[in-house]
Amino acid sequence: MPVRLLGLGDNTVDTYVDRGLQFPGGNAVNVAVLARRLGAETGYLGCLGADEAGMLLCGALRAEKVDTTRCRVRPGANARAFIGHDGQDRRFLRSERGVRGEWGPFDAEDRAYIAGYDLVHSSVYSELGEALAIVRDAARRLSYDFSERWTDENLAATLPAVDIAFLSYPAASDEECRGLLGRCVTLGAGMAVVTRGARGSMALSAGRFHGHGISPAPVVDTLGAGDGFIAAFLMAILAGAPMDAALAAGADHAAQVCGYQGGFGHGATWSPAEAAVS
């Protein structure tokens with residue numbers, strides 16, 4: 001049977017202001033879609049706006065055969081990130097929160113839906129708050145991406161609930177990465193992974209540190225590369241692969257994601273006039 005993975009939490013529409021384009025995205029969305037492309041059965045549970053941006057996301061998820069039956073569609077604007085570029089590398093300009101985080105209560109059907117997946121993936125951008133405890137109780141396994149927004153406070157509050165933790169620490173030395181990974185496992189994570197940009201990745205699991213470099217790729221757009229790493233890494237771990245193989249799978253898939261625009265494509269045109277309307 002195929003692996004079942006649920007992306008739960010954040011979504012956004014990545015808006016390339018210098019290119020007049022917009023793409024569905026967000027960490028939990030990207031991981032769900034990219035894991036689906038890698039052979040998993042996936043779903044997405046999050047809060048979508050009832051506007052054009054929310055419908056762009058919903059349409060892309062359905063086109064990718066990601067289940068959306070438990071999504072919340074809320075009146076108002078969807079979350080949106082505005083992005084510029086330095087060459088092929090993205091630069092975040094600002095974001096609009098939209099209806100992100102307007103969860104409402106998680107009922108028995110939500111909990112049963114979550115429990116039907118082998119792993120649930122969420123992130124620091126998902127604004128789960130007290131609902132994280134409900135998700136943890138329902139989920140078989142939980143992975144969580146802190147990105148670069150980890151702090152002593154949110155690590156201590158979140159890691160006791162997390163099986164697999166992801167963090168970004170691109171400027172750190174090997175020693176600093178080992179220290180951060182050790183803290184994560186001490187605070188409760190079953191395993192922890194640090195992505196380091198051009199310096200590759202490092203992980204700590206079962207008392208052992210592992211490291212891996214990047215895979216070469218012609219870079220069209222770096223947006224979503226980290227989510228591509230997470231999707232392939234999780235698929236490898238769920239299939240029983242050793243850590244070194246999982247890190248290599250993540251690196252290879254991150255390189256593939258750099259080969260097209262957006263987190264997983266499905267671009268549409270955008271103009272500043274649309275921002276004024278929204």
Is there a side-chain contact between [X] and [Y] in this structure, where contact means two heavy atoms from C-beta onward sitting under 4.5 Å apart?
{"X": "Leu119", "Y": "Leu234", "result": "yes"}
{"X": "Gln22", "Y": "Leu56", "result": "yes"}
{"X": "Arg72", "Y": "Trp103", "result": "yes"}
{"X": "Leu57", "Y": "Thr12", "result": "no"}
{"X": "Val13", "Y": "Trp270", "result": "no"}
{"X": "Val162", "Y": "Ser143", "result": "no"}
{"X": "Arg178", "Y": "Leu204", "result": "no"}
{"X": "Glu127", "Y": "Cys47", "result": "no"}

Checking His212 against Ser201 for the side chain to side chain donor-acceptor pair (under 3.5 Å) test, could you report, in this order, the C-alpha distance in whole Å, the side-chain angles of both residues, the deciding distance, and whether it holds?
CA-CA 5 Å; His212 191 81; Ser201 60; over 6 Å; no
Under the ring-ring contact (aromatic ring centres under 6.0 Å, His included) test against Phe166, which residue among Tyr144, Phe233, Phe146, Trp150 passes?
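When Tyr144, Phe233, Phe146, Trp150 are each tested with Phe166, the ring-ring contact (aromatic ring centres under 6.0 Å, His included) holds only for Phe233.
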Do side-chain atoms of [X] reach the backbone of [Y] as a donor and acceptor pair under 3.5 angstrom?
{"X": "Arg80", "Y": "Ala53", "answer": "no"}
{"X": "Arg74", "Y": "Glu102", "answer": "yes"}
{"X": "Arg19", "Y": "Val17", "answer": "no"}
{"X": "His121", "Y": "Ala28", "answer": "no"}
{"X": "Asp18", "Y": "Gly84", "answer": "no"}
{"X": "Thr42", "Y": "Val33", "answer": "no"}
{"X": "Arg97", "Y": "Arg100", "answer": "yes"}
{"X": "Ser126", "Y": "Ser123", "answer": "yes"}
{"X": "Arg36", "Y": "Val66", "answer": "no"}
{"X": "Asp14", "Y": "Gly262", "answer": "no"}

So Asp118 and Arg141, side chain to side chain contact (heavy atoms under 4.5 Å, CB included) or not? Walk me through it.
CA-CA 7 Å; Asp118 299 306; Arg141 298 178 78 176; over 6 Å; no
If you take all heavy atoms of [X] and [Y], which pair is closest and at what distance?
{"X": "Ala203", "Y": "Val193", "answer": "CB-CG2, 4.0 Å"}
{"X": "Ala232", "Y": "Ala249", "answer": "CB-O, 3.4 Å"}
{"X": "His266", "Y": "Pro24", "answer": "O-CD, 3.4 Å"}
{"X": "Leu48", "Y": "Cys58", "answer": "CD1-CB, 4.1 Å"}
{"X": "Ser122", "Y": "Gly9", "answer": "OG-CA, 4.4 Å"}
{"X": "Asn154", "Y": "Val124", "answer": "ND2-CG2, 4.1 Å"}

So, taking the atom named [atom1] in [X] and the one named [atom2] in [Y], what distance separates them when rounded to the nearest 0.5 Å?
{"X": "Leu6", "Y": "Arg140", "atom1": "CG", "atom2": "CZ", "result": "11.5 Å"}
{"X": "Ser205", "Y": "Ile164", "atom1": "OG", "atom2": "CD1", "result": "8.5 Å"}
{"X": "Asn30", "Y": "Asp227", "atom1": "CG", "atom2": "CG", "result": "4.5 Å"}
{"X": "Cys184", "Y": "Leu167", "atom1": "SG", "atom2": "CG", "result": "4.5 Å"}
{"X": "Gln261", "Y": "Leu21", "atom1": "CD", "atom2": "CG", "result": "5.5 Å"}
{"X": "Thr15", "Y": "Phe23", "atom1": "OG1", "atom2": "CZ", "result": "10.0 Å"}

Determine whether Asp51 and Asn78 satisfy the following criterion, side chain to side chain donor-acceptor pair (under 3.5 Å), listing intermediate values before the conclusion.
CA-CA 7 Å; Asp51 62 346; Asn78 202 86; 5.8 Å; no
Chi angles and distances behind the side chain to side chain contact (heavy atoms under 4.5 Å, CB included) call for Leu159, Val185:
CA-CA 8 Å; Leu159 284 171; Val185 170; over 6 Å; no
Do the side chains of [X] and [Y] get close enough for a salt bridge, i.e. N-O under 4.0 angstrom?
{"X": "Arg70", "Y": "Asp110", "value": "yes"}
{"X": "Glu41", "Y": "Arg4", "value": "yes"}
{"X": "Asp137", "Y": "Arg111", "value": "no"}

Given Tyr44, which partner from the list Asp67, Thr68, Asn11 fulfils the side chain to side chain donor-acceptor pair (under 3.5 Å) test?
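Among Asp67, Thr68, Asn11, the one that satisfies the side chain to side chain donor-acceptor pair (under 3.5 Å) with Tyr44 is Asn11.
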Contacts of Ala172 that satisfy side chain to side chain contact (heavy atoms under 4.5 Å, CB included) - sequence neighbours left out:
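Side chain to side chain contact (heavy atoms under 4.5 Å, CB included) list for Ala172, sorted by chain: Tyr169, Glu176, Cys177.
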Between Arg136 and Val120, does the side chain to side chain contact (heavy atoms under 4.5 Å, CB included) criterion hold? Intermediate values first, please.
CA-CA 9 Å; Arg136 169 67 276 181; Val120 176; over 6 Å; no
Over 12 non-hydrogen atoms of neighbours within 6.0 angstrom of CZ in Arg62
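No, not enclosed.
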Quick one: which residue pairs count as a salt bridge (Lys or Arg N to Asp or Glu O under 4.0 Å) with a foot in residues 195-205, not counting sequence neighbours?
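Found Asp174-Arg196.
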Establish, for the pair Arg91 and Tyr16, whether the NZ or CZ atom is under 6.0 angstrom from the six-membered ring centre and no further than 45 degrees off its axis.
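Not satisfied by the 6.0 Å and 45° rule.
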same_hphob_cluster(Leu8, Val3) at 4.5 Å side-chain heavy-atom cutoff
no
Mind running side chain to side chain contact (heavy atoms under 4.5 Å, CB included) on Val257 and Leu34 for me, showing each step along the way?
CA-CA 9 Å; Val257 174; Leu34 295 172; 4.1 Å; yes
Aromatic ring centroids of Tyr113 and Tyr117 under 6.0 Å?
yes
